[in-house]
Amino acid sequence: MHYCSFIYQILREIIHCLPGEWLHVEFVTADFDKALWGAHQSVVPHVKLQGCPLHWTQLVWKKVNGICQVKFHAHVSSSELLAPTELQF
């Protein structure tokens, strides 16, 4: 089974297990998986999907590390890093 189909099927099963509950959900926080975001738009388009700040920070540091070859030191906590809403381009 293709990965996107698998994610779509899992999301449909979750909704099936929670009938009526999705009518009260306003937003969902998830990582930045393309298959999940696509399945979400197909299955529950009325629910706002937002990215997880921790996963966003990890993606930014991975990109910075790849471009600048900067070593990220483990003693810096994730609370010291910028959330996606605080970044300015």
Side-chain angles (χ1 to χ4, degrees):
M1 176 183 293
H2 192 266
Y3 178 68
C4 292
S5 300
F6 179 68
I7 296 296
Y8 177 84
Q9 197 171 17
I10 288 174
L11 189 55
R12 299 273 310 158
E13 187 63 31
I14 290 170
I15 291 170
H16 178 72
C17 291
L18 302 169
E21 296 298 321
W22 281 99
L23 298 174
H24 306 290
V25 175
E26 294 180 16
F27 71 91
V28 173
T29 301
D31 67 355
F32 295 91
D33 183 81
K34 285 184 180 182
L36 176 61
W37 285 60
H40 171 271
Q41 289 176 337
S42 297
V43 178
V44 284
H46 65 281
V47 178
K48 181 181 175 186
L49 182 61
Q50 65 183 29
C52 171
L54 173 66
H55 289 105
W56 173 259
T57 303
Q58 288 175 339
L59 287 172
V60 169
W61 275 111
K62 185 185 248 185
K63 189 71 168 178
V64 167
N65 212 5
I67 293 173
C68 303
Q69 298 183 4
V70 174
K71 299 269 184 188
F72 178 65
H73 300 286
H75 70 274
V76 177
S77 72
S78 61
S79 63
E80 295 177 275
L81 302 175
L82 293 175
T85 56
E86 297 172 348
L87 294 176
Q88 296 179 0
F89 295 95

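- Every residue was checked against the side-chain contact (heavy atoms from CB on, under 4.5 Å) condition with Q41, not counting sequence neighbours, and none meets it.
- Legend: residues meeting side-chain contact (heavy atoms from CB on, under 4.5 Å) with A30, ordered by chain and number and at least two apart, are L36, L49.
- Using a 30° and 60° split on the angle between ring planes, W56 and F32 fall in the tilted class, from 30° to 60°.
- Every residue meeting the side-chain contact (heavy atoms from CB on, under 4.5 Å) condition with V25, not counting sequence neighbours, appears here in chain and number order: W22, V28, V47.
- Connection of Y8 to L18 is established within a shared hydrophobic cluster, with ILVMFWY side chains joined at heavy-atom distances below 4.5 Å, either directly or through further cluster members.
- I15 contributes atom CD1, which lies 12.5 Å from atom CD1 of I10 (distance to the nearest 0.5 angstrom).
- Considering CG of L11 and CD1 of I7, their distance stands at 8.5 Å, rounded to 0.5 Å.
- When the side-chain contact (heavy atoms from CB on, under 4.5 Å) test is applied to E13, the partners found at least two apart in sequence or on another chain are H16, C17.
- For residues 43-53, the set of pairs meeting the side chain to side chain donor-acceptor pair (under 3.5 Å) definition, not counting sequence neighbours, comprises T29-Q50.
- For D33, the side-chain hydrogen bond (donor to acceptor under 3.5 Å, both in side chains) partners at least two apart in sequence or on another chain are Y3.
- Once rounded to the nearest 0.5 Å, the distance linking OG1 of T57 with NE2 of H55 reads 10.0 Å.
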